[in-house]
Amino acid sequence: MSTNQALADRLAQIARIQELLGADRFRAISNERAARTIEGLSVDIATLAKDRKALLEIDGIGPKIADKVIEFVETGRIAELDELAAQVPPGVIDLLNIPGLGPKTAAVLWKQGGVTDLAGLKRLIESGEILKLPRMGAKSVERLKESIALAESGSQRLALGLALPVAQRIVERLRKVKGVQQAAYAGSLRRGKETVGDIDILVAANDADAARAASEAFRTAPEVRQVILSGETKTSVRVAVSPDLGRWTVEGREGDAVPEESGPTIQVDLRVVPPESWGAALMYFTGSKEHNIELRERALAMGLTLNEYGLFPEDGHEEPPQKRGVKPVAGRTEAEVYHALGMAYIPPEMRELQGEIAWAERSLKRSKPAPSDGDDDATAGLITVGDIKAELHAHTTASDGSMSIQQLAAGAKARGYHTIAVTDHSRSSAIANGLSIERLLAHIEAVREANEQAEGITILAGSEVDILADGRLDYPDDILEKLDVVVASPHSSLSQAPEAATARLISAISNPCVHILGHPTGRLINRRAGLAPDMAKVIAAAKEHNVALEINAHWLRLDLRDTHVRAAVDAGCLIAIDCDVHAPEDFDNIVFGVLTGRRGWLPPEQCINTWPAKKLHAWLKSKR
DNA sequence: GCCGTTTTCGGCCCGACTGTTTTCAGTCG
């Protein structure tokens, strides 16, 4: 685990205990906020901690938290956390993982009910004694029991690629409901986070009848397993996740997985708003929470108030403006709201409170006169799927792919690409049927021949060469020199020490034959952590040696991850976004790679897959 | 515990829903 994550976890833990102990809640909020900020930071906090002033420049980090950061980096501990933890049984803190059970309830269970862990809570429920506690009625206990069962089933966050089809299916259905003007998914899914904790759906309905119809359609959908809550404008359900995309194995593929009756589920929240509130509601529901809070504070400072119904003049009334018929300043589109707040439109992927507010202020000034109120993100300058013109990491039946060279080329051409690189596995990847030198040489010939025959697309001969544990590549240089594209990737020894991993990757980057560092950490989301190299050093080496760092677009990899992309982009590194194609549908994964690039603020010109053929081919040759 | 386009002190985003209460506390996002 990275230092950033470890520190964020500890600060969040401080916040949780403070809430449990009933301390000043704004203190807890400050610690929690700092935790989220540090988690999303693209620079290594340990490096930053050497300079206290630099720490204090980060939003939400003041003198007290800066000291805690420094203390943690230097000693590996935070004394304050140790003291706090000694005051609360660890099992009580764990109770907060139960959905719907917050700090106030946990404190009551502990102090008045004598509960010190989950087992104790269950005993209290069984005995019925729990009903004697304040605000604990039969219904509350019933909900609590369901929540405990859910927490015990170990519900982890769902991978982006599994959540997206669920959301798209629901949105399509809601769009067909009479009187529904717009429907979209929002939340962390729209922001393109690699995993999501729930799915948020927003609907704009013409009138109350349409709103009811949309809610009804949502509640009664076939995949709904449970209705959690259902009000006039807000409904939450738990739906089954189809595992039909879950057939990916580490290398190669298995047959379709059999759907399980009691398979994974995810919570889906629906919110219905009037059309004139669409933009404001979409912003509110897209988040991130920290981004929203910042915008609302900004609105207040401008004499305005922002909620999911719109941006209104702040007039000091107790009753919310939308209930008094106050005319909003903005709210129909997101761009309208951002502009009214003195900012350029901010793409969802950037809304993590990691400098995008200042960026949007600068952008608006640059793009005078004021941009149109459409929700186009042309001004943002981030990469889009339409910018991608080449696939540089693809496998054929020669190793572990399911397609021929010609089929690969046809797939790439159908997407409007000008180039595809055939990069089958190297000899050490025995499980993936890696190519011996003899087979590789023959394969190169086959690719060259296919390229001769191909029209409207260039087929390049390449290899996905294993980076061996000691940093050597799996083919000698005189073989690599024969290839148009060399993608060097780690596949084995993925749990080696960080120092060894750093040296290993830098060794590969330093080889003049290498063009692209493929899936640099080898992690699989929710399955294995992968390598934990010093990314700052890897990025610096890639920049020095003119090697592109790959964002592997498969939703289980997304490797580089978003924060590393941001650091690489800031360092001026080249980025490749590749689908690691093994089967025809893998080309579709490009959307996840591009989302991850956008989360790292990647402009198209810094991504080699967007370059025109001439420029790309020249760059590849320049390394020969 | 942080922070400043009325503030270096005194604020701190805003609304929906539920359950247990008789006007609201707790949780969530």
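Note on naming: letters A, B, ... go to the chains in the order of the sequence lines (proteins, then strands), and numbering restarts at 1 for each one. No experiment lies behind these values; they were computed from the predicted model shown.
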Looking at [options], which one has an atom nearest to any side-chain atom of [X]?
{"X": "A:L229", "options": "B:dG29, B:dT18, B:dG26", "answer": "B:dT18"}
{"X": "A:T305", "options": "B:dC14, B:dT18, B:dG19", "answer": "B:dC14"}
{"X": "A:P320", "options": "B:dC14, B:dC2, B:dG15", "answer": "B:dG15"}
{"X": "A:R143", "options": "B:dG1, B:dG19, B:dG15", "answer": "B:dG19"}
{"X": "A:K234", "options": "B:dG15, B:dC14, B:dG26", "answer": "B:dG15"}
{"X": "A:K104", "options": "B:dC2, B:dC3, B:dG26", "answer": "B:dG26"}
{"X": "A:R296", "options": "B:dG1, B:dC13, B:dT27", "answer": "B:dC13"}
{"X": "A:K323", "options": "B:dT27, B:dA16, B:dT18", "answer": "B:dA16"}

For atom [atom1], what is the distance between [N] and [M], given to the nearest Å?
{"N": "B:dG29", "M": "B:dT22", "atom1": "P", "value": "27 Å"}
{"N": "B:dT21", "M": "B:dG26", "atom1": "C1'", "value": "13 Å"}
{"N": "B:dT6", "M": "B:dG1", "atom1": "P", "value": "28 Å"}
{"N": "B:dC2", "M": "B:dC13", "atom1": "P", "value": "16 Å"}
{"N": "B:dC12", "M": "B:dT5", "atom1": "P", "value": "16 Å"}

Please classify the nucleic acid contact of [X] as base, sugar-phosphate, or nothing, using heavy-atom distances under 4.0 Å.
{"X": "A:L101", "result": "sugar-phosphate"}
{"X": "A:D59", "result": "sugar-phosphate"}
{"X": "A:K289", "result": "base"}
{"X": "A:A280", "result": "nothing"}
{"X": "A:S230", "result": "sugar-phosphate"}
{"X": "A:E232", "result": "sugar-phosphate"}
{"X": "A:Q267", "result": "nothing"}
{"X": "A:L295", "result": "nothing"}
{"X": "A:P134", "result": "nothing"}
{"X": "A:Y284", "result": "base"}

- Query: Given the rule in the side-chain hydrogen bond (donor to acceptor under 3.5 Å, both in side chains) test, do A:T265 and A:R225 qualify, once you have shown the distances and angles that lead to the verdict?
  - Reply: CA-CA 8 Å; A:T265 62; A:R225 289 275 168 78; over 6 Å; no

- Note on the structure: Heavy-atom closest pair (A:Y338 atom, A:A344 atom, distance to 0.1 Å) is CB-O, 3.7 Å

Would you say a side-chain N or O of [X] is under 4.0 Å from OP1 or OP2 of [N]?
{"X": "A:T105", "N": "B:dT27", "result": "yes"}
{"X": "A:N307", "N": "B:dG15", "result": "yes"}
{"X": "A:S30", "N": "B:dC12", "result": "no"}

- Task: Compare all side-chain heavy atoms of A:V73 with those of A:L48 and state whether any distance is below 4.5 angstrom.
- Result: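 SC-SC contact between A:V73 and A:L48 ruled out.
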
- Find out whether A:W110 and A:P89 are in side-chain contact, i.e. whether some heavy atom of one side chain is under 4.5 Å from a heavy atom of the other. yes

- Yes or no on side-chain hydrogen bond (donor to acceptor under 3.5 Å, both in side chains) for A:Q5 and A:D9, after CA distance, side-chain angles and deciding distance? CA-CA 6 Å; A:Q5 188 62 54; A:D9 288 351; 2.9 Å; yes

Quickly work out the [X] [atom1] to [N] [atom2] distance and round it to whole Å.
{"X": "A:I293", "N": "B:dC14", "atom1": "CD1", "atom2": "P", "value": "10 Å"}
{"X": "A:E290", "N": "B:dC2", "atom1": "CD", "atom2": "C1'", "value": "15 Å"}
{"X": "A:L341", "N": "B:dT5", "atom1": "CG", "atom2": "C1'", "value": "14 Å"}
{"X": "A:M302", "N": "B:dT5", "atom1": "CE", "atom2": "C1'", "value": "10 Å"}
{"X": "A:E142", "N": "B:dT18", "atom1": "CD", "atom2": "P", "value": "16 Å"}
{"X": "A:L20", "N": "B:dT27", "atom1": "CG", "atom2": "C1'", "value": "14 Å"}
{"X": "A:E57", "N": "B:dC2", "atom1": "CD", "atom2": "C1'", "value": "16 Å"}
{"X": "A:D269", "N": "B:dA16", "atom1": "CG", "atom2": "C1'", "value": "11 Å"}

- Under the salt bridge (Lys or Arg N to Asp or Glu O under 4.0 Å) rule, what do A:E19 and A:R16 come out as? Steps first, then yes or no, please. CA-CA 5 Å; A:E19 284 185 310; A:R16 298 180 106 190; over 6 Å; no

- Item | Ring centroids of A:F26 and B:dC12 base under 5.5 Å with planes under 30° | yes

- Message: Whether the side chain of A:Q226 engages the backbone of A:V237 through a donor-acceptor N/O pair (distance < 3.5 Å, no angle test) should be reported.
- Response: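 No, because the side chain of A:Q226 does not come within donor-acceptor range (under 3.5 Å) of the backbone of A:V237.
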
- Is atom CZ of A:R77 surrounded by more than 12 heavy atoms (other residues, nucleotides or ligands) closer than 6.0 Å? no

- Report the residue (A:R271 or A:E80) whose heavy-atom-nearest nucleotide on DNA chain B is the more 5′ of the two. A:E80

- Sorted by position of nearest nucleotide on DNA chain B, 5' first, the leading residue of A:P99 and A:K68 is A:K68

- Message: Under a 3.5 Å cut-off for both contacts, is B:dT8 paired Watson-Crick or G-U wobble with anything, and if yes, with which nucleotide?
- Response: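 Across all strands, not a single nucleotide pairs with B:dT8.
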
